[in-house]
Amino acid sequence: GMAAPAALQRSVVSPAGRHTASLIFLHGSGDTGQGARAWIKQILNQDMAFQHIKVIYPTAPSRPYTPMKGAFSTVWFDRYKISNDCPEHIESIDSMCRGLTDLINDEIKNGIAKNRILIGGFSMGGGMAMHVAYRFHQDLAGVFALSSFLNKDSAVYQALKRNENVLPELFQCHGTADELVLYSWGEETNKMLKSLGVSASLHTFPNLNHELNRTEIEKLKSWIEKKLPVEAAKAN
């Protein structure tokens, strides 16, 4: 059989108190877990940290990336081109779904229930998170996708057409001035997922390009706290 993928490197913000929930944040293409964490820290002037939630920023393994003429980059999967109108590179997507499943399983081994784990990310990271949750882990607490999209004939849509389960809620944000991942691609993704039974919100940021801003991160934090509330201490 195939060799097990090496465990993903990760940067972790520990909870201040008792760890009862986990959040996995996937960086955009070419970034790292440390880079995404530093970016958010710069925007908020502090880490995105919680009393009870562990925040995990994994780093994608380096691989040849077709849009960069095959140069190596830390990307979650390959793409034939940066467009919503081409086939998905499903082989690389599925292989990374296995690596991220290992990461989810590490949290479960730490005693965290599946419905107390959120996954999401920025740009390609948000696309990756939608594949992981909606195709393989429909019992997660929720999914967030910031400046992200799915291709028109995405495997995610195919999976949801056959689905009967209650699905994780989606929190989506997108800037109307995004020149890399067009706002219309994010909007179309949101409409498709809604039509397939996902409870999805889309927060629109006028004049925001392909980036994060403070209002967006604050909104995301509030949503995270709503999806992963502090648990009352269990009586013995």
Rounded to the nearest 0.5 Å, what separation is found between the [atom1] atom of [X] and the [atom2] atom of [Y]?
{"X": "C97", "Y": "W76", "atom1": "SG", "atom2": "CH2", "result": "11.0 Å"}
{"X": "D85", "Y": "K152", "atom1": "CG", "atom2": "NZ", "result": "5.5 Å"}
{"X": "I43", "Y": "W39", "atom1": "CD1", "atom2": "CH2", "result": "6.0 Å"}
{"X": "S29", "Y": "I82", "atom1": "OG", "atom2": "CD1", "result": "6.0 Å"}
{"X": "E107", "Y": "N105", "atom1": "CD", "atom2": "CG", "result": "10.0 Å"}
{"X": "T20", "Y": "N110", "atom1": "OG1", "atom2": "CG", "result": "12.5 Å"}

Closest non-hydrogen atom pair, [X] against [Y]:
{"X": "S148", "Y": "G126", "result": "OG-CA, 3.3 Å"}
{"X": "S11", "Y": "G33", "result": "CB-C, 4.3 Å"}
{"X": "P87", "Y": "D153", "result": "CA-OD1, 4.4 Å"}
{"X": "L228", "Y": "A141", "result": "CD2-CB, 3.8 Å"}
{"X": "A133", "Y": "V143", "result": "CB-CG2, 3.3 Å"}
{"X": "F149", "Y": "S83", "result": "CE1-O, 3.5 Å"}

Among the clusters formed by ILVMFWY side chains lying less than 4.5 Å apart, do [X] and [Y] turn up in the same one?
{"X": "L26", "Y": "I93", "value": "yes"}
{"X": "L146", "Y": "L100", "value": "no"}
{"X": "V13", "Y": "L212", "value": "yes"}
{"X": "I119", "Y": "F136", "value": "no"}
{"X": "L167", "Y": "I117", "value": "no"}

Side chain to side chain contact (heavy atoms under 4.5 Å, CB included) for I224 and L118? Distances and angles first, verdict last.
CA-CA 8 Å; I224 290 165; L118 274 179; 3.8 Å; yes

Start with the C-alpha distance between Y80 and H89, add both sets of side-chain angles, then the distance that settles ring pair (Phe, Tyr, Trp, His ring centres under 6.0 Å), and finish with yes or no.
CA-CA 7 Å; Y80 297 105; H89 195 289; 5.3 Å; yes

Residues [X] and [Y] bridged, charged N to O under 4.0 Å:
{"X": "D31", "Y": "R37", "result": "no"}
{"X": "R79", "Y": "E88", "result": "no"}
{"X": "D139", "Y": "K114", "result": "yes"}

Are [X] and [Y] packed together at the side-chain level, in the sense that at least one heavy-atom pair is separated by less than 4.5 angstrom?
{"X": "N151", "Y": "Y157", "result": "no"}
{"X": "K54", "Y": "L23", "result": "no"}
{"X": "T101", "Y": "H137", "result": "yes"}
{"X": "P61", "Y": "L8", "result": "yes"}
{"X": "H27", "Y": "Y57", "result": "no"}
{"X": "I53", "Y": "P15", "result": "no"}
{"X": "M130", "Y": "R135", "result": "no"}
{"X": "L193", "Y": "L160", "result": "yes"}

Is there a donor-acceptor contact under 3.5 Å from the side chain of [X] to the main chain of [Y]?
{"X": "Q172", "Y": "G186", "result": "yes"}
{"X": "Q46", "Y": "L44", "result": "no"}
{"X": "E216", "Y": "N213", "result": "yes"}
{"X": "N163", "Y": "N165", "result": "yes"}
{"X": "D78", "Y": "T66", "result": "yes"}
{"X": "S154", "Y": "L150", "result": "no"}
{"X": "Y134", "Y": "P168", "result": "yes"}
{"X": "S195", "Y": "M192", "result": "yes"}

Do you see a donor-acceptor pair shorter than 3.5 Å between the side chains of [X] and [Y]?
{"X": "E169", "Y": "W223", "result": "yes"}
{"X": "H174", "Y": "T176", "result": "no"}
{"X": "T204", "Y": "Y183", "result": "yes"}
{"X": "S123", "Y": "H210", "result": "yes"}
{"X": "R116", "Y": "S22", "result": "no"}

Against the six-membered ring of F50, is K221 placed for a cation-pi contact (under 6.0 Å from the centre, within 45° of the normal)?
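Yes, cation above the ring, under 6.0 Å and within 45°.
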
Determine, step by step, whether S222 and K219 satisfy the side chain to side chain contact (heavy atoms under 4.5 Å, CB included) criterion, reporting the C-alpha distance in whole Å, the side-chain angles of both residues, the deciding distance to 0.1 Å, and the verdict.
CA-CA 5 Å; S222 304; K219 267 198 163 121; 5.8 Å; no

Atom CD of Q158: over 12 foreign heavy atoms under 6.0 Å:
yes

Audit row: F25, F144, ring pair (Phe, Tyr, Trp, His ring centres under 6.0 Å) steps and yes/no
CA-CA 9 Å; F25 190 108; F144 61 92; 5.6 Å; yes

Hey, mind stepping through E225 and L220 against side chain to side chain contact (heavy atoms under 4.5 Å, CB included) and telling me if it holds?
CA-CA 9 Å; E225 286 165 341; L220 174 64; over 6 Å; no

